[in-house]
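Below you'll find the structure, written out as structure tokens, and then a few comments.
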Amino acid sequence: MAQVMERVDVCVVGAGHAGCEAALACARLGLETVIFTVSADSIALMPCNPNIGGSSKGHLVRELDALGGEMGKNIDKTFIQSKMLNRSKGPAVHSLRAQADKAEYTRQMRQVLENQEHLTIKQAEVCELLTEDVPSEDGALDVEGKKRIIGVRIFSGMIYECRAVILCTGTYLNARCLCGEAITHTGPNGLQPAVYLTDNLEKLGIRIKRFKTGTPARMDGRTIDYSKMEEQPGDERVVPFSFSTDPESIQKPQVSCWLTYTNERTHEIIRANLDRSPIYAGIIEGTGPRYCPSIEDKVVKFSEKPRHQVFLEPEGLSTNEMYVGGMSSSLPEDVQLAMYRSVPGLEHCKIVRNAYAIEYDCIDARQLYPTLEFRRISGLFSAGQFNGSSGYEEAAAQGLVAGLNAALEILGKEPVILDRSQAYIGVLIDDLITKDNREPYRMMTSRAEYRLLLRQDNADLRLRGIGYKAGLVSEEEYRYTCRKKEQIEKETARLKTVMVGASIPVQKFLSEHGSSPLKTAASLAELICRPELTYDMLSELDPEREKLSADVIEQVKIELKYEGYISRQHKQVEQFLKMEEKKIPDWLDYDEVPSLRLEARQKLKEFRPVSVGQASRISGVSPADISVLLVFLEHYGRRKKTED
């Protein structure tokens, strides 16, 4: 008989980026939490790229921070280069990206976990989820076979009783790494895989699928000729990820990254050895990420391109290892060496760690509610790459949402559900739980319909209040955000009322800045909207201006310059919310809805959408089906009112 080792509130399975955020959220809300990991040395490990953020991913990190997460704070402490991407484009697509010192990032995050009250780290493999049947109101078993979590069993046989479990297994579940003909059953970086849990999950009725991802080689930096590459320095002025970080505290010397390119010789080597690639030899079962393909895939699928970008990125300040971005591969070691040495600057390179592909088990995330709780197993939540996503940032964002909602459920409070108009995190989760994602999901700015409203610069204004209400944001942080919002609104309103006339000094000022003269009086707000003029320039015409912080000024400029577009998106959001507010009763029998097409009926019965808006985004459900559903719900609502 297995022994009950401990009774806790929450068990988090996995200590990657999702697991860390989930565990911290639960513990910070006062719940006794244990986080299990196959290796305590792998906490917040970066087995692939040594950076945080990037296009659209930077939005996720800032939203995560605004809600009370840890990733933004941790990268601010451990970055070695920082860059704001897409500065030449509009503010909607500006995204922060920082190179991390990988070892330091892991060390700092582990330190946060170790010193968090109510949180225990346990090096152990979870082998089984313990559940019990959920009785219906009359005491009989639930007709749909719904269960609830009561604990977990680890490999030693010991049992942890708990009220919620959050699965954050990343790429470790039944993992195997492939490098040419060499196949090893290990997790990333040669760490122990988790091999026992999949069978248990399938017995519980959870649908499992197989995905793959990959990582490029790491080079000895001393063997690289940087003179043949283009230097990529960081920004002169560093912008922090966390809204709680003092910008002045992180201005420091930065390291450089380097850019080079593949060539026809590289491509010839790859094409000549495709039969030795596990991808093209049919050995790999899992589906890989479309937006982060291996170099073999790039050469085959984009054969017309004469070259591909290769980024050399330092792994940290205490190591010579360089990450070779853009050249992930599963080719054999001898082919890898020849391939890499054909690239300018890498002619004499030495490989420290070979590139490899990794296959792993994950779930079909359409089995989840928007809270990231399993529909059929109460108290079981899921986050990260186990949900079929890719990337540290996507994982961390889901981890916080899953952890927060697990805690709120235990505490008897309303869940936090972010919709597509509120956050990139809302877009991410909605896409995962409604779409048939047949490859690892990657966040992109193009996926967000309301991206002009969901900018990375205003994440605190959008989400701090939600984080504060949930209990993860301090009163001091929340009050600071409220003051910031008041200052933005006050200054925006002031600029619309301060008028300047067509006087000689004003006309001279406009002429000097290449702007057309005034014929009648204009507000400062109207002048700021001119592309050649800026808020800072107009200080000469605005002597009564109050001194404001840089982040307040940035918001004022964006609000004024893009006012028309922002107003239009707000109207689109209003229409979107009308559909989201039309809730679908959980007990609705779609067989009773007349005129629904067979495919739509099947999809709606399978996914059980919570709203008409969510139903409209399910593949196979047409606008005509939504119209039928709306009519049915309207008639049902009228009938219910009559009966009441």
Side-chain angles (χ1 to χ4, degrees), residues 47-51 54-57 85 97 171 177-181 188 211-219 224 228-230 232 257-313 322-347 349 351 353-359 385 389-391 394 437-447:
C48 194
N49 50 307
N51 62 67
S55 183
S56 76
K57 292 169 177 278
L85 304 182
R97 182 183 189 272
T171 61
C177 292
L178 303 97
C179 178
E181 298 87 355
F211 274 175
K212 88 150 184 87
T213 187
T215 189
R218 274 45 161 203
M219 303 293 184
I224 295 171
K228 296 181 179 180
M229 302 180 180
E230 301 171 27
Q232 307 284 301
C257 297
W258 305 85
L259 172 64
T260 184
Y261 297 89
T262 63
N263 50 57
E264 190 51 41
R265 174 61 184 147
T266 316
H267 302 174
E268 285 174 6
I269 293 169
I270 292 168
R271 283 192 289 263
N273 290 278
L274 282 176
D275 60 321
R276 299 179 66 194
S277 166
I279 298 173
Y280 290 93
I283 297 171
I284 288 180
E285 303 166 7
T287 307
R290 179 185 310 184
Y291 300 102
C292 187
S294 66
I295 190 63
E296 299 99 284
D297 269 347
K298 288 181 184 178
V299 169
V300 171
K301 294 177 180 176
F302 306 102
S303 56
E304 75 284 358
K305 287 187 176 267
R307 65 179 191 172
H308 296 282
Q309 289 184 326
V310 180
F311 289 95
L312 277 294
E313 302 169 337
M322 298 291 287
Y323 176 87
V324 190
M327 286 192 77
S328 66
S329 176
S330 60
L331 286 162
E333 185 174 359
D334 60 311
V335 180
Q336 286 189 30
L337 191 59
M339 170 184 78
Y340 287 125
R341 285 185 172 177
S342 68
V343 175
L346 300 181
E347 293 89 348
C349 70
I351 296 176
R353 306 179 201 230
N354 289 323
Y356 62 86
I358 182 168
E359 283 188 313
Q385 287 187 264
S389 63
S390 68
E394 289 92 336
N437 295 299
R438 301 189 180 184
E439 61 195 30
Y441 178 95
R442 184 191 189 281
M443 192 70 238
M444 294 183 290
T445 52
S446 59
R447 298 192 192 272

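Counting heavy atoms from C-beta on, the side chains of Tyr356 and Thr215 come closer than 4.5 Å. With contacts defined as side-chain heavy-atom distances shorter than 4.5 Å, the pair His267/His308 qualifies. You'll find the side chain of Met322 stays beyond 4.5 Å of the side chain of Leu346, heavy atoms only. A 4.5 Å side-chain heavy-atom check between Gln309 and Tyr261 finds at least one atom pair inside the cut-off.
Nearest heavy-atom pair across Ser56 and Thr445 is CB-N, 3.4 Å. The two residues Asn273 and Leu331 come nearest to each other via the heavy atoms O-CD2, 3.6 Å. For Ala357 against Ser330, the heavy-atom pair with the smallest separation is CB-CB, 3.7 Å. Here the shortest heavy-atom pairing between Pro344 and Asn263 reads CD-ND2, 3.7 Å. Scanning both residues, Pro188 and Pro47, for their nearest heavy atoms gives CB-CB, 3.6 Å. Closest approach of Met327 to Met339, counting heavy atoms only: CE-CG, 3.6 Å.
Ion pairing between a basic and an acidic side chain is recognised when a charged N comes within 4.0 Å of a carboxylate O; Arg276 and Glu181 show such pairing. Between Glu347 and Lys228 there is a salt bridge, with a side-chain nitrogen of the basic residue lying less than 4.0 Å from a carboxylate oxygen of the acidic one.
Under a 3.5 Å cut-off, the side chain of Tyr441 and the backbone N or O of Glu394 do not form any donor-acceptor pair. With hydrogens and angles disregarded, a donor-acceptor distance shorter than 3.5 Å links the side chain of Arg447 to the backbone of Arg442. Under a 3.5 Å cut-off, the side chain of Tyr340 and the backbone N or O of Ala217 do form a donor-acceptor pair. Between the Asn51 side chain and the Arg97 main chain, no donor and acceptor come within less than 3.5 Å of each other. Asn437 contributes no side-chain N or O that, together with a main-chain N or O of Glu439, makes up a donor-acceptor pair within less than 3.5 Å. Remark: the backbone N or O of Arg307 is not paired with any side-chain donor or acceptor of Thr262 at under 3.5 angstrom.
Each of Thr266, Leu312, Val324 was evaluated against Val343; a single residue qualifies, Thr266, per the side-chain contact (heavy atoms from CB on, under 4.5 Å) test.
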| Given Ser390 and Gln385, is the side-chain hydrogen bond (donor to acceptor under 3.5 Å, both in side chains) satisfied, shown in steps? | CA-CA 6 Å; Ser390 68; Gln385 287 187 264; over 6 Å; no
| task | Give the intermediate values and the outcome of side-chain contact (heavy atoms from CB on, under 4.5 Å) for residues Phe211 and Glu359. | result | CA-CA 6 Å; Phe211 274 175; Glu359 283 188 313; over 6 Å; no
| query | Going through the distances and angles, do Glu268 and Arg271 end up as a salt bridge (Lys or Arg N to Asp or Glu O under 4.0 Å)? | reply | CA-CA 5 Å; Glu268 285 174 6; Arg271 283 192 289 263; 5.4 Å; no
| query | Can Trp258 and Gln232 be said to form a side-chain contact (heavy atoms from CB on, under 4.5 Å), step by step? | reply | CA-CA 5 Å; Trp258 305 85; Gln232 307 284 301; 5.7 Å; no
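One distance of note links CD1 of Ile224 with OG1 of Thr260; it measures 10.0 Å at 0.5 Å rounding. Rounded to the nearest 0.5 Å, atoms OG1 (Thr213) and CD1 (Ile358) are 8.5 Å apart. Rounded to the nearest 0.5 angstrom, Glu296 CD and Ser329 OG are separated by 3.5 Å. If you take CZ on Arg341 and CZ on Arg265, they are separated by 13.0 Å, rounding to the nearest 0.5 Å. From Ile295, atom CD1 reaches atom CD1 of Ile269 across 11.5 Å, with rounding to the nearest 0.5 Å.
Applying the side chain to side chain contact (heavy atoms under 4.5 Å, CB included) test to Glu304 and every residue at least two apart in sequence or in another chain returns Phe302. Residues forming a side chain to side chain contact (heavy atoms under 4.5 Å, CB included) with Asn354 (at least two apart in sequence, or on another chain): Cys179, Glu333, Gln336, Ile351.
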